[in-house]
2 protein chains.
Amino acid sequence: MQETMTDEMLELVAQRFRLLSDPMRLRILHHLQSGERSVGQLVEATGASQPNVSKHLSTLKMHGLVKRRQEGNMAYFSIGTPFVFDLCNSVCTNMQEEWQERQSVLGGNG
Amino acid sequence: MQETMTDEMLELVAQRFRLLSDPMRLRILHHLQSGERSVGQLVEATGASQPNVSKHLSTLKMHGLVKRRQEGNMAYFSIGTPFVFDLCNSVCTNMQEEWQERQSVLGGNG
DNA sequence: TAAAAGTATGAGTTCATAGGCATATTGAAT
DNA sequence: ATTCAATATGCCTATGAACTCATACTTTTA
């Protein structure tokens, strides 16, 4: 973090993190990682309802995490800012490290 | 993100991000970045109420983002996982990049 | 033991949001 | 023009969480 953090900056950063704090949104992003997907495909893949998927996509798009492309009847979404996966990877890595530490503390070295 | 993400993993990652999705918690972490602080110091620095600060610290501690040390009457807290600052820096950097892009799009190059 | 300071916790309130359902909108096909 | 398919949106509800106030807990001091 920087030396000085204004209230507005804190609010914006928190907002960004809040976008990633929902499992369904993470699942959608995860499926988009392998490429562009239509709403229907995401509904199929996530098991969520179509309105729910559409709303999450709308939220993600509003904040630039996702891009939208229309083709006929269908709307295709894709990742807007690949850096989100860096964030997720960092969190995953850190969690794994903590688990390993905890395990070695609990279970000794055997 | 990894190739396979179980529901439990998604839930845990989301939980981690949710911890960072609150401005007050970010502010507390930000103040801890320069070193260990007592609850009273954080109350003073953040302007939040003492119960509020204590609860946030309790939440952060429960998830390992913060460590607690007791000395007499006082409780001193410090950063448990420095990697959170990497996450915040990534977000800040990315936001700045997007702003610059937006500015050059809106304002041209002059 | 009593009082005071620092911190933690519980009850209650308020606010944000995820999700479901119904329906509106948009484009394609007949 | 009508009907159908894909997607978006509005309303509603329920759940979670941040905050406040009051109070309990804990350690120090008198």
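Naming: A, B, ... by sequence-line order, numbering from 1 per chain.
- Between the C1' atom of C:dG19 and the CD1 atom of A:I28 lies a distance of 12 Å, rounded to the nearest Å.
- Judged purely by atom type and a 3.5 angstrom limit, B:S54 has no side-chain atom pairing as donor or acceptor with the backbone of B:P51.
- Rounded to the nearest 0.5 Å, atoms OG1 (B:T46) and NE2 (B:H56) are 9.0 Å apart.
- In this structure, a donor-acceptor pair under 3.5 Å is absent between the side chains of A:E97 and A:T93.
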Contact state string [nucleotides 21-27 of chain C, B base, S sugar-phosphate only, - no protein heavy atom under 4.0 Å]: BB---BB
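- Taking atom CZ on B:R68 and atom P on C:dT7, their separation rounds to 9 Å, with Å as the unit.
- Contact between A:V43 and A:A48 at its shortest, heavy atoms only, is CG1-O, 3.3 Å.
- The nucleotide range of DNA chain D contacted by chain B, defined by atoms under 4.0 angstrom from heavy atoms of the protein and reported 5' to 3', is D:dA18 to D:dT28.
- At its two ends the helix from C:dT1-D:dA30 to C:dT30-D:dA1 runs along axes set 10° apart, each axis drawn from five pairs and the angle rounded to 10°.
- For B:S54 and A:H56, each mapped to the nucleotide of DNA chain C holding its nearest heavy atom, the one lying further toward the 5' end belongs to B:S54.
- Remark: P of C:dA4 and CE of B:M74 are 19 Å apart, rounded to the nearest angstrom.
- Other residues, nucleotides and ligands contribute at most 12 non-hydrogen atoms within 6.0 Å of the CD atom of B:E44.
- Counting to the nearest Å, the C1' atom of C:dT17 and the CZ atom of B:R18 are 11 Å from each other.
- Between the A:R37 side chain and the A:L32 main chain, no donor and acceptor come within less than 3.5 Å of each other.
- Checking side-chain atoms of A:R25 against main-chain N and O of A:L19 turns up a donor-acceptor pair under 3.5 Å.
- At least one side-chain heavy atom of A:S90 sits less than 4.5 Å from a side-chain heavy atom of B:L87.
- Counting non-hydrogen atoms under 4.0 angstrom, B:F77 reaches the backbone sugars and phosphates but no base.
- In this structure, B:R69 atom CZ and C:dA8 atom P are separated by 13 Å, rounded to whole Å.
- Checked by atom type and distance alone, the side chain of B:R18 pairs as donor or acceptor with a backbone atom of A:S21 at under 3.5 Å.
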Verdict with supporting geometry, A:R16 and B:N94, side chain to side chain contact (heavy atoms under 4.5 Å, CB included): CA-CA 10 Å; A:R16 265 292 209 276; B:N94 183 262; 3.4 Å; yes
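- The minimum heavy-atom distance linking B:V13 with A:C92 is given by the pair CG2-SG, 3.8 Å.
- Between the P atom of C:dA5 and the CD atom of B:Q41 lies a distance of 18 Å, rounded to the nearest Å.
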